[in-house]
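See structure below.
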Protein chains: 2
Amino acid sequence: MTVAKQRDTKPSAKTAFVTHDHAGCAAGTLHRAQEAAREKGVRMTPVRQRALEILLEEHRAMGAYEVLDRLAADGFGNQPPVAYRALEFLVENGLAHRVRRLNAFAACMRPGEDHAPVFLICRACGAVAEAGADEVRSALLDAAARHNFTVERATVEALGLCPRCVDGAEAVL
Amino acid sequence: MTVAKQRDTKPSAKTAFVTHDHAGCAAGTLHRAQEAAREKGVRMTPVRQRALEILLEEHRAMGAYEVLDRLAADGFGNQPPVAYRALEFLVENGLAHRVRRLNAFAACMRPGEDHAPVFLICRACGAVAEAGADEVRSALLDAAARHNFTVERATVEALGLCPRCVDGAEAVL
DNA sequence: CTTGACGTGTGATTTTATAACATACATTTA
DNA sequence: TAAATGTATGTTATAAAATCACACGTCAAG
Ligand SMILES: [Zn+2]
Ligand SMILES: [Zn+2]
Ligand SMILES: [Zn+2]
Ligand SMILES: [Zn+2]
């Protein structure tokens, strides 16, 4: 089937800002996330999977309450902990990320790959891309080392304009 | 006077995690912040200055409500906007930074210097250091450029253990 | 003196996140 | 299978963080 072909396609790492077969992109990522969960021995329950599917619908970050509304509409609980717990599970297990600048969550595009994500957030269209950036991470570790600081987790987020919005958007800085 | 000598001392860039003359450190930074505000033509009103002084008391980040309590105790208003407005002013004018991981604010140690701050946040003692890290910034810009993304603002924060806490703190990762 | 920009005070509300407890389901153990 | 145990979900309530909307005061330009 044609979907299966898309499913195992390696992501091009810059899909978020260009038009692409997102149905296949999302299905493939979901599939890889399920695989990662299975290998990790954690349970991908219905709420959790649905929450991930919701995050995967678009390349943008969603607030917990927005996810909650969607989950509730699908027959799951409608209280904050329902969404927060599902999202926490996804983040803990590397299937989603928290985007601190937006107080929101985004599906991970490389589930199970143990990567160091850098987020590129378009302030005009809200698109969020997950850029792999080992150089950023190692530069950060170097800087920390100069202060004798031991890094355990890092947040790297850039706000700006994606290639589609860079023309025709008013400057902010 | 001895304070004046401290006031114009350039910060060593790694003061936060080592014992130092913090009274002089704070006074000097406040002085430089006032200077920066004057040069920029913005008004350092009483609330704003007091808010900065409060942030400068320790090398850690403070929540808006914590700052608010302190301001209220000093006779200023006791409603959230009082603190948020003062903090927003400080951030907008480069006299303080927002630490997103903590939903908190920290005084800038290089007011008026137009720098690219990287925060090192100790999860054990709460100390926050502002590490200059041009390499991190340029690596981030490179990564963004590969996606044709235009960076306007960036957040780089590392959570971990400072040199004083690295011994005798349980692992978390 | 009047106008308008800016800053501050205050009450109310919105948005984001957790605490605490009860119930349901699943996996192990007997 | 039945009991026991751990894990997941549902629900009520509350806490924490941030913003809105409006009134009042100050000060400097016209
Ligand atoms: Zn896609
Ligand atoms: Zn965009
Ligand atoms: Zn100091
Ligand atoms: Zn520490």
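Counting to the nearest Å, the C1' atom of C/dT8 and the CG atom of B/L71 are 12 Å from each other. Distance CG (A/N78) to C1' (D/dG10): 9 Å, rounded to an integer number of Å. If you measure from atom OH of A/Y84 to atom P of C/dT16, you get 7 Å, rounded to the nearest angstrom. Between the CZ atom of A/R101 and the P atom of C/dT15 there is a distance of 21 Å, given to the nearest Å. Rounded to an integer number of Å, the gap from CZ of A/F105 to C1' of C/dT16 is 9 Å. What separates CD of B/Q79 from P of C/dT13 is a distance of 13 Å, to the nearest Å. Note: CG (B/D69) to C1' (D/dA15) measures 14 Å, nearest angstrom. If you take CG of A/L102 and C1' of C/dA17, they are 16 Å apart, rounded to a whole angstrom.
Taking 4.0 angstrom as the limit, A/R85 places none of its side-chain polar atoms (N or O) nearer than this to OP1 or OP2 of D/dT11. Residue A/N103 places at least one side-chain N or O closer than 4.0 Å to OP1 or OP2 of C/dA17.
The residues A/R101 and B/E152 are annotated as not salt-bridged, no charged nitrogen and carboxylate oxygen being separated by less than 4.0 angstrom. Taking 4.0 Å as the cut-off between side-chain N and carboxylate O, A/E35 and A/R38 count as a salt-bridged pair. Taking the charged nitrogens against the carboxylate oxygens, B/R70 and B/E57 do have a contact shorter than 4.0 Å, which makes a salt bridge.
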Could you tabulate the donor-acceptor pairs under 3.5 Å formed by side-chain atoms of residues 44-52 of chain A, not counting sequence neighbours?
{"unit_1": "A/R48", "atom_1": "NH1", "unit_2": "A/R43", "atom_2": "O", "d": "2.7"}
{"unit_1": "A/Q49", "atom_1": "OE1", "unit_2": "A/Q34", "atom_2": "NE2", "d": "3.0"}
{"unit_1": "A/Q49", "atom_1": "NE2", "unit_2": "A/E53", "atom_2": "OE2", "d": "3.0"}
{"unit_1": "A/R50", "atom_1": "NE", "unit_2": "A/D74", "atom_2": "OD2", "d": "2.5"}
{"unit_1": "A/R50", "atom_1": "NH1", "unit_2": "A/E53", "atom_2": "OE1", "d": "2.7"}
{"unit_1": "A/R50", "atom_1": "NH2", "unit_2": "A/D74", "atom_2": "OD2", "d": "3.3"}

Donor-acceptor list for residues 89-98 of chain A side chains, cut-off 3.5 Å, not counting sequence neighbours:
{"unit_1": "A/N93", "atom_1": "OD1", "unit_2": "A/K40", "atom_2": "NZ", "d": "3.2"}
{"unit_1": "A/N93", "atom_1": "ND2", "unit_2": "A/F89", "atom_2": "O", "d": "2.8"}
{"unit_1": "A/H97", "atom_1": "NE2", "unit_2": "A/H115", "atom_2": "NE2", "d": "3.2"}
{"unit_1": "A/H97", "atom_1": "NE2", "unit_2": "A/E130", "atom_2": "OE2", "d": "3.0"}

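Taking all atoms of both residues into account, the shortest heavy-atom contact from B/G77 to B/L68 is O-CD1, 3.6 Å.
In this structure, B/F149 and A/F17 have parallel ring planes: the angle between them is below the 30° cut-off, well short of the 60° mark.
Between the side-chain ring of A/Y65 and the base of C/dT16, a stacking contact exists by the 5.5 Å and 30° definition.
For DNA chain C, the neighbouring residues in residues 42-61 of chain B, judged by any heavy atom under 4.0 Å, are B/R43, B/T45, B/V47, B/R48.
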